[in-house]
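Since the structure comes first, as structure tokens, the remarks are kept for the end.
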Amino acid sequence: METTMATAAPEPTLDIREQIARIDKMQAEIAKTQADLAKTKLEVRFFPGTLLFQATVAAAALMTAGAAIAKFFG
């Protein structure tokens with residue numbers, strides 16, 4: 001009884017293609033997450049300046065309102 005040692009390599013199956021598709025999908029999700037992170041970092045970087053500007057505008061509005069009320073009653 002003779003056995004042959006040579007066996008044919010299996011054809012790339014759908015399973016490998018599914019794994020490649022899954023990897024591609026994960027890489028796309030990672031790229032999206034990194035883009036979101038970069039956007040958030042940029043927003044946080046400028047947040048103190050924006051906060052200071054908004055606080056200044058709010059203080060000016062309150063002073064104007066206080067002056068108007070004082071003028072009305074005074």
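Scope of the values below: all heavy atoms of this structure, side chains included, with no hydrogens, waters or symmetry mates.
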All side-chain contact (heavy atoms from CB on, under 4.5 Å) counterparts of Gln27, not counting sequence neighbours: Ile23, Asp24
side-chain contact (heavy atoms from CB on, under 4.5 Å) partners of Asp36, counting only residues at least two apart: Lys32
Listed once per pair and sorted, the salt bridge (Lys or Arg N to Asp or Glu O under 4.0 Å) pairs that draw on residues 38-62, sequence neighbours left out: none
Show me, pair by pair, the donor-acceptor contacts under 3.5 angstrom made by side chains of residues 55-70, not counting sequence neighbours?
| residue | atom | partner | partner atom | Å |
| --- | --- | --- | --- | --- |
| Thr56 | OG1 | Leu52 | O | 2.8 |
| Thr64 | OG1 | Ala60 | O | 2.8 |

Glu18 and its side chain to side chain contact (heavy atoms under 4.5 Å, CB included) partner, picked from Asp15, Ile16, Ile20: Asp15
